[in-house]
Protein chains: 2
Amino acid sequence: MPAHQPVGTSTTKATPARGKRAPKDAGQQETAPAAEVFAVDQVNASFLESLLGYNARRASLSLVGVFVKCMEGFDLKIVEFSLLSLVGGNPGITSRQLCQQLDVLPPNMVGMIEVMTRRGFLERRPHPRDGRAMGLYLTEAGRALVDQAEPQLKASESAAVSHLSVEEQQQLLNLLQKLYR
Amino acid sequence: MPAHQPVGTSTTKATPARGKRAPKDAGQQETAPAAEVFAVDQVNASFLESLLGYNARRASLSLVGVFVKCMEGFDLKIVEFSLLSLVGGNPGITSRQLCQQLDVLPPNMVGMIEVMTRRGFLERRPHPRDGRAMGLYLTEAGRALVDQAEPQLKASESAAVSHLSVEEQQQLLNLLQKLYR
DNA sequence: TATTGTTATACTCTATAACTATA
DNA sequence: TATAGTTATAGAGTATAACAATA
């Protein structure tokens, strides 16, 4: 699942010196010298790999991939699961509140809510204090889905990061939150 | 910069008990009782926030945002900078190799290379050993751009994570790489 | 037969403008 | 006047199929 962002791996350097290029032709009437050509065997991505942002993105994509695969079993996109999970934890939440939490624009939220409603996971009731808004609630099927999907997601993540110690996992969580909070 | 993935913040819980919902109507001919309605003040995203993947994504988005802003000064998208940086470090790299590194499909790479070429940052020369392929090289303007952009990116990231100690930054880098490598 | 680069094209995701009903 | 939800639509990003040239 790509996303307008680099994903590299290699580290070995087997290419010509960085920035090396054919010398500029000085004379005006001379025949241009044939430009040098190289073949790259091992791609060197050392600069990108030195960036925290690059590594954070790759790690994120890796875990998101695990989530995507896990949610395929429920025929849910990640954003759809997130929506249901939030409604599950916040009965009566409004469309706007979901938009803010999920960083989805209101026009794009409409369809998602409609799909989840048509699939029988969501229902809408009037908001107790705001006549413009609608509160969202899980149906029984929605609650069952969330109650099944959440622990499964948690388990698939645990399996994916099991090569890190519990201390490392906690450390990573703390550092990540320190980064964006 | 959204992206099919949740972005939440709140932690406080000021909503009804999780999963609470109106009792099911038992009788068949009875009038259905009015469903309970709630208002959510503080959104509770505690489950999502417990996931490493969620936190990794939020941290990643935060840093990518810094990169995007930084590269706007060069009128470059992140993927375009990454492309130029890779060509800079790998003179003669092919389109296919870039596709693999950047996780971009070949048909979608064509336009990027064309744009960077038209803007005078890239040039294409025949591949020394493969008549089907073309090697990519930075022009002088391209080299100048990369040599200016790379340290600027590095600096903007450093500023963005300056509230972490150098040890924490190194620790985070190691843990992130452990996660996806 | 397989691969590189390419075209055309479809599909998904994201963004903007504008409308209505209510606050 | 501002905001919640909505419609329509534009734009960017991502995906598949197929082709010519070369391996």
Side-chain angles (χ1 to χ4, degrees), chain A residues 1-7 37 39-41 43 57 61 64-65 68 71-72 75-80 82-83 87 92-118 122-136, chain B residues 1-7 37 39-41 43 57 61 64-65 68 71-72 75-80 82-83 87 92-118 122-136:
Chain A
M1 74 250 10
H4 52 282
Q5 188 61 7
V7 170
V37 294
V40 174
D41 296 321
V43 176
R57 174 150 190 97
L61 284 179
V64 167
V68 168
M71 286 302 101
E72 275 172 5
D75 192 22
L76 285 180
K77 298 170 196 165
I78 304 293
V79 67
E80 290 173 331
S82 305
L83 190 164
V87 175
I93 194 173
T94 67
S95 169
R96 281 282 159 157
Q97 289 175 311
L98 283 174
C99 284
Q100 288 166 1
Q101 284 291 320
L102 300 176
D103 205 4
V104 169
L105 293 171
N108 302 327
M109 179 60 74
V110 176
M112 284 184 217
I113 292 177
E114 197 196 338
V115 168
M116 291 298 98
T117 303
R118 268 205 309 251
L122 276 189
E123 71 180 38
R124 304 169 1 136
R125 303 179 201 151
H127 190 281
R129 296 195 311 260
D130 189 336
R132 299 166 301 179
M134 295 293 289
L136 294 166
Chain B
M1 73 253 11
H4 52 284
Q5 189 60 8
V7 171
V37 295
V40 174
D41 295 322
V43 175
R57 173 149 190 95
L61 285 179
V64 168
V68 168
M71 285 303 101
E72 276 172 5
D75 193 20
L76 286 179
K77 298 169 195 165
I78 304 293
V79 67
E80 291 173 330
S82 305
L83 190 164
V87 175
I93 194 173
T94 68
S95 169
R96 281 282 158 161
Q97 289 175 310
L98 283 175
C99 284
Q100 288 165 1
Q101 284 292 320
L102 300 176
D103 204 6
V104 170
L105 292 170
N108 302 327
M109 180 61 75
V110 176
M112 283 185 218
I113 291 176
E114 197 197 338
V115 168
M116 291 297 99
T117 302
R118 268 206 309 252
L122 276 189
E123 71 180 39
R124 301 165 8 131
R125 304 182 200 150
H127 190 281
R129 296 195 309 261
D130 189 337
R132 299 166 300 180
M134 295 292 291
L136 294 167

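Everything numeric here is computed off the predicted structure, so don't read it as measured data. We use all heavy atoms of the structure for the numbers below, so side chains are in, but hydrogens, waters and symmetry mates are not. So you know, we letter chains A, B, ... as the sequences are listed, proteins then strands, and number each from 1.
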Q. Do any N or O atoms from the side chain of B:Gln97 and from the backbone of A:Val40 form a donor-acceptor pair under 3.5 angstrom?
A. yes

Q) Between D:dG5 and A:Ser95, is there an OP1 or OP2 to side-chain N/O distance shorter than 4.0 Å? A) yes

Q) A:Leu98 has an atom CG; how far is it from atom P of D:dG5, in whole Å? A) 9 Å

Q) Between B:Glu114 (CD) and C:dG5 (C1'), how many Å, whole number? A) 13 Å

Q: Let me know the distance between CG of A:Asp130 and P of D:dA2, rounded to the nearest Å.
A: 17 Å

Q. Which of these nucleotides, D:dG5, C:dA21, C:dT16, is closest to any side-chain atom of A:Arg96?
A. D:dG5

Q) A:Glu80: what forms a side-chain hydrogen bond (donor to acceptor under 3.5 Å, both in side chains) with it, not counting sequence neighbours? A) none

Q) Which one, D:dT16, D:dT6, D:dG13, comes nearest to the side chain of B:Leu105? A) D:dT16

Q | Shortest side-chain distance from A:Arg124, nucleotide among C:dA23, C:dG5, D:dT6 | A | D:dT6

Q) Which is true for A:Met109 with a 4.0 Å heavy-atom rule: it touches a base, it touches only sugar-phosphate, or it touches nothing? A) nothing

Q) Starting at the 5' end of DNA chain D and moving along, which residue's nearest nucleotide shows up first, B:Lys77 or A:Met134? A) A:Met134

Q.
One pair to check against side chain to side chain contact (heavy atoms under 4.5 Å, CB included): B:Val87 and B:Met116. What are the steps and the verdict?
A. CA-CA 11 Å; B:Val87 175; B:Met116 291 297 99; over 6 Å; no

Q | Residues in side-chain hydrogen bond (donor to acceptor under 3.5 Å, both in side chains) contact with B:Asn108, at least two apart in sequence or another chain | A | none

Q: Check every atom of C:dT14, C:dG5, D:dT14 against the side chain of B:Asn108 and return the nucleotide holding the closest atom.
A: D:dT14

Q: By nearest nucleotide on DNA chain C, pick out whichever of A:Arg129 and B:Ile113 is the more 5' one.
A: B:Ile113

Q | Nucleotide C:dG5, atom P - distance to CD of B:Gln100 in whole Å | A | 10 Å

Q. When the nearest nucleotide of DNA chain C is assigned to A:Gly131 and to B:Gly135 on a heavy-atom basis, which residue is associated with the more 5' position?
A. B:Gly135

Q.
Pair A:Leu122, A:Leu83 - check side chain to side chain contact (heavy atoms under 4.5 Å, CB included), show working.
A. CA-CA 10 Å; A:Leu122 276 189; A:Leu83 190 164; 3.8 Å; yes

Q: Measure from the side-chain heavy atoms of B:Pro107 and tell me the nearest of D:dT7, D:dA4, D:dA17.
A: D:dA17

Q | Between C:dC13 (P) and A:Asp103 (CG): distance, integer Å | A | 15 Å

Q.
Could you tell me how far apart A:Arg132 (CZ) and D:dA4 (P) are, to the nearest whole angstrom?
A. 6 Å

Q | Length of the CE-C1' vector between A:Met112 and D:dG5, whole Å | A | 15 Å

Q: Give the rounded distance in Å between these two atoms: NE2 of A:His127 and P of D:dT3.
A: 16 Å

